[in-house]
Amino acid sequence: MKSIFEMSVGDHFAVHGYEHELVFIGPNELRAARIAGGNVFTLSKDKFLSLQRDGQIKIIKQQKTEKPNPSNLTENQIKEMNRRLRYIRYVFNETDSCRSATIVEPILAVYSNTINDKNPPAFSTFARWAKSYVESKYDPVSLAPNFSRRGIMPLKFDPEIEQIVNQRIKEDYLTDQQVTMKHVHENIVSQILSEYGDSNSIPSGLSIPSLSTIERRIAKIDPYIRTKTRRGKYAAKKAFKAAGRSIYTERILESVQADGSLLDVLVVDPDTGEVVGRPYATILIDHYSRCVISAVITMDPFSAATILQAMKLAVSSSYSTFGGLFEKLCVDNGSDYTSKSLKNFCNHLGIMIEFGSPRDPDSKPNVERFFGRVNCQFLHTLRGTTFESPTKRGDYKSEKYACFTLDELKNKFKEWLDIYYHKTLHRGHGRTPEALWDESKKKTPIVQYDYKDIDQIARNVYTRTINGGRIKAFNLSWFSHALKTIEHKFRNKNKNPMVHVYVDTLNLDRVFIRDPDDDGVFIQADSTTPKYTRNLSLFEHNKIQEKLKSRGKKDLAKLDQYALAIARWKFRQDLIVMGDKYAAKQIARLKESAKNQEQDNSIIKEHEDNSISPELFITEFKTHDESFIEPNTDDDDDDEQYEAVEF
């Protein structure tokens, strides 16, 4: 079994069925890259040997052979090979007794002086060269040195100095501060002088490494490790990973790649003509034919809502004739693609999601290249383009020349796809995307759904409570009379009426609520403010809310907040005082009412105890008032008039 120490860069091995290539071998560790995809990982030599002994690592392909190969030689190996070859040929021409040290040593001394070689080989070294040369049937490549087989070199400096050198390289150079090698060397010298000298002179017998020595030490470190520690993991992966194997598909709609990007053009407001900004585009492209099956251009940043909108257009073929239900969606590992709403939509339609590594364009290379093509061939030709960089833009005034509205840009982009892109030979397969789609369509059945049917599930899902037949979210509300009935059912069971709400964040005019009694039924709820929410996106709504808040803050900023706080405090104190006075009046009024009620009750009680008949009352009244005239009680004189009585 071939051990790691006998392997070389370029050898292939398999781990758990995945093939990898060895790309770097260091003193204690190695670095390998996966053939499919190019993902990089590091592993210690001990761990590699352990996995190899356990059978988890199997050697597949070996670049290195027992016989030296001229194409694998480095410049240093070639230089040393020719030096040794000159010695061999000179000695062989001078004598046939090449095994005699007495004869060969003087010849070596003469030739070394001739070529001015300050380090001539000893006889034993020459004998080893001659043996290899003869056994290889006089192949010069056999004299090439194999530096990888050399043992561990002895320490060049004292152990204390070596420790300082290694420490400073690790703590100063291998950091994201990106300190220069010269700076590292200065730190090494300063630390050595501070610990072992008098900070002004170097102690006798103490050797200090030079700048070139530090540069050579750093150069021996794995370049991947250097880049990773100084510029970050993603920069290292991008710099040291090959493109990997190509994606292979056999038919249309087998694999679709999706991505979003900011477009290199400014759009204007259709009413005012003012510059609104750069729009965002979400593109779905079929890998087999390279046809664009869906495109969504909005002012909203790339989000789960934009990818869902693009998915709806693609599956229903609403954007173009190229479209239909596809098998696999290739996306990166961003939060928008890992959202529950996208997974819910794909689960309903049986679409498999394949996630790529973060910041890894190899998982969706075709859509990445498409955006570059859109910018160069279409957007950079429009008035108001921003170009790809300030350097390319130069003195061009993008805001001055901007003239396209968002709707106009959408229409022009669609025309460019139909006239140019789909009818131009594609470098990937040598055909026009439109012709290859039409050819494959004859052999591939295409399933399409009605846009309205899938619109209900291609939404962000939220959990909300029904209150008064309404659903509230984002400071907005939607109503439905059917929701009132559902709410009553929950209330009668003493349950909280929580339901799943499906929201299209690109159009807040309406939402759908899944019926809790029937999962297959969706109830539409309309906005309570239809004029405001019609074609309103959640991004626009949030911006409007932020502006309203900022206006309120500006109103408050115009006021003297300290004077306002004092005035409000006095106002609240006045309310308390007024409340106390009112409460006192109310209590006094209640006490007075209770006292009067007691007096009335005593009078009534006294009257009931001393009650007399009407006749007795009149008799007593007559005795006190002589002017009193007794009324006539005769029934026959009903019409008789009584005289007025004055009291």
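No experiment lies behind these values; they were computed from the predicted model shown. Numbering of residues begins at 1 and proceeds along the displayed sequence.
Side-chain contact check for Glu368 versus Asp259: some heavy-atom pair is nearer than 4.5 Å. Two residues are said to be in side-chain contact when any heavy atoms from C-beta on lie closer than 4.5 Å; Thr386 and Arg278 meet this criterion. Between Pro279 and Leu406, the closest side-chain pair of non-hydrogen atoms falls below 4.5 Å. Using a 4.5 Å heavy-atom threshold, the side chains of Ile307 and Leu284 count as touching.
The residues Glu250 and Lys443 are annotated as not salt-bridged, no charged nitrogen and carboxylate oxygen being separated by less than 4.0 angstrom. Between Lys442 and Asp438, none of the side-chain N atoms (NZ, or NE/NH1/NH2) sits under 4.0 Å from a carboxylate O, so this pair counts as no salt bridge.
Leu253 approaches Asp286 most closely through the heavy-atom pair N-OD1, 2.8 Å. Taking each heavy atom of Arg464 and Ala473 in turn, the nearest pair found is NE-CB, 3.6 Å.
Summarising the local packing, NZ of Lys410 is surrounded by more than 12 heavy atoms from other residues, nucleotides or ligands at distances under 6.0 Å. Annotation for Arg231: atom CZ does not count as buried by contact number, only 12 or fewer foreign heavy atoms lying within 6.0 Å. Under a cut-off of 6.0 angstrom, the local environment of NZ in Lys414 is crowded, with over 12 non-hydrogen atoms contributed by other residues, nucleotides or ligands. Other residues, nucleotides and ligands contribute at most 12 non-hydrogen atoms within 6.0 Å of the NZ atom of Lys58. In the displayed structure, Gln178 atom CD is contacted under 6.0 Å by more than 12 heavy atoms of other residues, nucleotides or ligands.
None of Asp515, Thr463, Asn344 except one satisfies the side-chain contact (heavy atoms from CB on, under 4.5 Å) rule with His500; the exception is Thr463. Under the side-chain contact (heavy atoms from CB on, under 4.5 Å) rule, Val447 has a single partner from Leu349, Leu325, Val315, which is Leu325.
Contacts classified as salt bridge (charged side-chain N to carboxylate O under 4.0 Å, His left out) and involving residues 395-409 (residues at least two apart or in different chains) are not found. Within the structure, ring-ring contact (aromatic ring centres under 6.0 Å, His included) pairs that include any residue of residues 510-535 comprise Tyr502-Phe522, Tyr532-His541 (at least two apart or interchain). The salt bridge (charged side-chain N to carboxylate O under 4.0 Å, His left out) contacts involving residues 496-512 comprise Lys312-Asp504, Asp455-Arg510, where partners must be two or more places apart or lie in separate chains. Sorted by first then second residue, the ring-ring contact (aromatic ring centres under 6.0 Å, His included) pairs that include residues 269-292, not counting sequence neighbours, number zero.
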Problem - Verdict with supporting geometry, Phe24 and Tyr224, ring-ring contact (aromatic ring centres under 6.0 Å, His included) - result: CA-CA 9 Å; Phe24 178 83; Tyr224 174 81; 9.5 Å; no
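Panel note: side chain Arg226, backbone Ile221; a donor-acceptor pair is recorded below 3.5 Å.
Applying the salt bridge (charged side-chain N to carboxylate O under 4.0 Å, His left out) rule to Arg470 yields no partners; only residues at least two apart in sequence or on another chain are considered. Residues meeting the side chain to side chain contact (heavy atoms under 4.5 Å, CB included) test with Glu540, sequence neighbours left out: Asp300, Leu536, Ser537. A search for ring-ring contact (aromatic ring centres under 6.0 Å, His included) contacts involving Phe326 returns nothing, not counting sequence neighbours. Applying the side chain to side chain contact (heavy atoms under 4.5 Å, CB included) test to Val499 and every residue at least two apart in sequence or in another chain returns Ile466, Ile471, Val501, Ile513, Pro516. Contacts of Phe404 classified as ring-ring contact (aromatic ring centres under 6.0 Å, His included), with partners at least two apart in sequence or in another chain: none. For Asp271, the side chain to side chain contact (heavy atoms under 4.5 Å, CB included) partners are Asp269, not counting sequence neighbours. Every residue meeting the side chain to side chain contact (heavy atoms under 4.5 Å, CB included) condition with Asp453, not counting sequence neighbours, appears here in chain and number order: Asp450.
Rounded to the nearest 0.5 Å, atoms CZ (Arg534) and OG1 (Thr529) are 10.0 Å apart. Distance check: Ile283 CD1 to Ser294 OG gives 7.5 Å after rounding to the nearest 0.5 Å.
Under the 30°/60° scheme for interplanar angles, the aromatic rings of Tyr421 and His426 are found to stand perpendicular.
The cationic group of Arg230 lies under 6.0 Å from the six-membered ring centre of Tyr173 and within 45° of the ring axis, placing it in a cation-pi geometry.
Separation of the Phe48 and Phe13 ring centroids falls under the 6.0 Å cut-off.
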Show every donor-acceptor pair shorter than 3.5 Å between a side-chain atom in residues 474-484 and any protein atom, with sequence neighbours excluded, or say none if there are none.
from, atom 1, to, atom 2, distance (Å)
Ser477, OG, Thr528, OG1, 2.8
Trp478, NE1, Leu508, O, 2.9
Ser480, OG, Ala482, N, 3.3

